[in-house]
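Atom set for the values below is all heavy atoms of this structure, side chains included, hydrogens, waters and symmetry mates excluded.
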Amino acid sequence: MSLAQVHYTSAAPGVEGTAGRFTAVGPGVSGALLAEIEPLVRYELPGGVPERPSDGELRSLPQAFGYFALSDGSRLVARSAPVRDTGGTGAGVRFHAHAVHLPPGVPLPGDRLPVEAWRSPHWVAATPGGAIPDPLTLPPGPTAVSEGLDDFAVSRGPWLAAVLADLRRASDAEAAGRPVALVERQCADVARWLGLASVTLPRESAERLTFTTYTRRPGSSASRVVGVGPEDAGAARAAGLRVHECAGPAPAGSTEDVWATTAARIWRSRSPELFREARELPGEPFAAGPLAVTALCAGIALGPDGRAAAAGWAADRPYALDAQRTGQLVEAIASPGIDDRTAPEFDAAGRLFGALEGRCPASVTAPLAAMLVTEAVRGGNGSLELPRRDAFAGPEGAEVAERLGPEILTELADTVGSRSVARTVQLLRVARLLGVDAAESLPGVVDRLAPALLAEASAAHEGPPGFAPALLELLDEQFEVRTALLGALDRIAPADPGAVARFLERVALPFTGTQALPHLRMCAEVPEAMATLGGDRAAVWHRVLRAAGLSPFAEPLVLRTGVGLVWEDRAPTVEEARLLLDAATSDSHRVAGTWARLVDAALSTSAAGTSATGTSATGTSAVGTDEAARLAHDLLRGFPGEIGGRERAGLLLLDLVRELRTGAPEPGWAERVRTLCTQAEPVEPALRERAHAALVERLLAPDRPGAELYDFVHGADAELIAAYDRTARTEAVRTRLRTQPAYAADCFTVWTAHPHAGRAWPPVAAALLDDVLHPAVRGMSAEDVAEVEATVGRTGSSGRADAFRAWNRSSTLGRLGRRIAGRVRRG
C-alpha cells in the first residue's frame, strides 16, 4: 500500500513570526495529527555554525532521523536535514523535513525496522513537484546502516554493555524509567547504536524503541532514545536522562546486567548472528542463559556471571541442547584455563552436572565432575553439590584422585589450624568419592568435628545450620564416619548436655541403629518430655533416664547428663535433690560429679529461719529447713572427701541447725555458728538467717544450758543478739510468757543477769524487759505474779526476788503515775 508522506520547510532566515510550514501533506493525515507532527520534525542548528557555511560545512551538519509514536496509535518516520536557502541572497540555512506516516497496525514495507531507513536514497531535501518513491521502500538485502556495525561495536567496547542494558530498559512497554541520551559527535553513530539495538533486541522490543538521532532539547523530547552532541550533554543530564557520553573518555566501572554484558561480548566477537540463534532457545526474552549458552558454544569467552547463567539455564533444561552443543557447553564451563570462577558459578555447575549425570555419557560429564571436586578441595567451597561416586570410576577419576588425594589426607591430619565443619564434611565426602583411604585420620577428625558441630550450631541463627544438609548426606553415605561421630558426640554430651540437646533439635542425626548412645538418646528425649510433662521436673528426669537404656549403677555418667538436661540453668529443689541422691549410690554420684549439684540444692533452699514454734519469721514452714538440714547431713556423710571449703562449712551450718532443733549438739553453739558463718562466706542470707534463728530459738528455750547462754551474751555478736531480739518479740514467745509463770521468771533472770556484758546485750535486754516482759506480767493474775516471784527466788536468790518485786512495783507505780498525770491534764 502507498503510505502518506509529509513535507515541512522552515521559514527563511530573517523571517520572524513563523517557524515554518507544511508544504505537502499526503492523504489521511488530519490537521490534528499535523499539529502533533510539527514539533517532532523541527530542527535546530548546532552551535557555532557560520552564517554562510560552505558546501562541505553544510554536509557535515547533523541530520535528525526519528521514529515517533503518535497519540492515535499511528507512527511517524521522519528525517529533518539542513539545506541552503536558495531564495533571496542564498546565504542562510534553513531545514527541510520529510516524513512518512504509518497508520495503526501497518508495518514498514518489507517488514523492515525503522532504523533501517536511515540511509534510504529516497529521502529528499526539497518539496517535490510530483510523486516520489516511498523512502521506507528499501532495496532487498542489508541496508547501509547495518554495514560496519561490527567495527562500530568494537570501537564502543567500553560503553557497549551499559548502553545495551539501557536500550533494553527503554524498549520495555511497561517501563517508566528515564529516557536514554547517547552523546556522539556524529548523528550517524547514534543511528548505529540503534542499529545495534535492532539486532540485539527481540523484534517486538526494537519496534517499541522510539528515537531521534539528533536534538538540541533532550529534556523536551518525546522519544525514549535521543542523540545529542557533546555541547548538549549537560542539558541532558540536568533534564534527568540516563546519559552515556560515548564521545568522551571511557567510563569507569561495569554493569551488573548479565544479559547486556554477554551481548556486548558477542558484538566484540563480531558474531551478531548468535542473537538470532539465542532467540530460538527457550527462556524469557532478556534472560541471560540462552544468550550465554549460545556464546559459549560458539567459543566466546564469558565472565563468571555469564558462565553461571549458562550452566543454570542448561541445568533447568537438560534436553534443550543436542549432544554436540551440550559437549561444547561443558567443555567451555570446565575449561582448565579459567581462573576467575565464583561460588555461584560452581553452584550452577554442580546443578548442571546433576542434571546431565545419567543423561549423557560419562566422558561428557567427567570434566565437570573433576572441576567440582577440585574446587571442593582447593577452593574450600563447602556448599557444592558433589557428583555421585560412580562419576569417578573411569581413568578420569583415577587421575583426579592421584592429584587431590595427598592434599585431602594432609589437611584431614592437621589438628592445629582452624577448619570449619563444612570444610571437614566436604573433605570426607570427596575422599570417599575419589576412593582415598582416610581411615587412619578418622579418629582425630571426628574428635575435632564433634565439638565444632556444637560450637558452630550455637553461633548460627535459628533453624538448621548451613552445614546440616551436607553433614546428613555424609552420615548417610559413610557408615564408619557415622559410627565414629555419633560415638564422639555421645562421649562429650555429659559435659554439656544442654548444647547437645539444642543441636539435636536443629539437626536430626540418625542414631536409631544398634549403637547404645545413652547420652544422645537422653538429649533427644528431653524436648518432648518437657513439652509433655511441663514443670514436673521429677517426671521429666525419670523419663529421660529411661531413654538412656542404662542404669546409673552401670553408667554413672547418665546421672550427669540427666541433671544437666533437666536442671541446666538452676539448682534442684531439696525434694528433687533427695530424689537424685536416692537414685544411685554415692559412688555413682562421685563418678558423675553430680554431688556438687546436690550441695547447691542444699545450700540454696529458700526456706527462712524458723521461730520457737516451728514457723519462720516470715511465716514459712520449717519443713523446707528440716529437709535441707537432713540433706546436708547425708551429703556430709556420703561425700566426706569431695566437699570442702565454704560448701562444707555451709553444710555443717545446716547440720548444726538440725541438731539445734532436734538433738543435743556439742557445746559451744554460738561460737560454732559464728565460725561456720565466717568459713562459709559468702554465705547465703537465708542460710545465715536459718542458723541464727535455730540458735536463738534454743537459747530462748527454758532448758538451754547456762554456759551456752553466757557464751552467747558475752560473745557480743550484734547480729546474733539482734536475731535473739526479733525472736523474743514474736507472738509465740509473748504467749508463753503470759501463760507460763516459770518461763516468765526464767526470762526475767536472763534479761537482768548480765548488765555489763558489752555494748550490744544490755540495751536489748532492757528493751525486752520493758516491751515484752512487762506487758506479759501485767496480763497475769495475782497468783501467777506470785508464782513468778517465787520461781525467781528459787532459781536465783532472795535478792533477785526482791529485785523482781521492786521492778514490778516500779513499773506499776510508773503506770499509776502516768494515769494520774493524764487525769490532771484533762482536768
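- Between the side chains of Thr137 and His122, no donor N or O sits under 3.5 Å from an acceptor N or O.
- Applying the side-chain hydrogen bond (donor to acceptor under 3.5 Å, both in side chains) criterion to Ser155, with sequence neighbours excluded, gives no partner residue.
- At distances below 3.5 Å, not a single donor-acceptor pair connects side-chain atoms of Ser120 with backbone N or O atoms of Ala117.
- Contact detail for Cys297 and Arg325: the closest heavy-atom pair is SG-O, 3.4 Å.
- Note on Arg307 versus Asp340: salt bridge recorded, some NZ/NE/NH1/NH2 to OD/OE distance being below 4.0 Å.
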I'd like a table of donor-acceptor pairs (distance under 3.5 Å, sequence neighbours excluded) in which one partner is a side-chain atom from residues 243-250, with atom names and distances.
from, atom 1, to, atom 2, distance (Å)
His244, NE2, Asp166, OD2, 2.6
Glu245, OE2, Arg237, NH2, 2.6

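- Scanning both residues, Ile333 and Met371, for their nearest heavy atoms gives O-SD, 3.6 Å.
- The main-chain N or O of Leu291 is never found under 3.5 Å from a side-chain atom of Trp313 such that the two would form a donor-acceptor pair.
- Minimum interatomic distance between Pro282 and Ala320 (heavy atoms only, all atoms of both residues): CG-CB, 4.3 Å.
- When atom types are taken as modelled, the side chain of Tyr67 and the backbone of Glu207 share a donor-acceptor pair closer than 3.5 angstrom.
- Contact record, Glu38 with Tyr8: OE2-OH, 2.7 Å, taken as the closest heavy-atom pair.
- Taking the centre and axis of the six-membered ring of Phe65, the NZ or CZ atom of Arg79 falls outside the cone set by 45° and 6.0 Å.
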Test Trp267 against Phe152 for ring-ring contact (aromatic ring centres under 6.0 Å, His included), laying out the working first. CA-CA 9 Å; Trp267 275 114; Phe152 177 75; 9.3 Å; no
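- Under a 3.5 Å cut-off, the side chain of Ser10 and the backbone N or O of Gly20 do not form any donor-acceptor pair.
- Among all heavy-atom pairs drawn from Val124 and His98, the shortest one is N-ND1, 3.2 Å.
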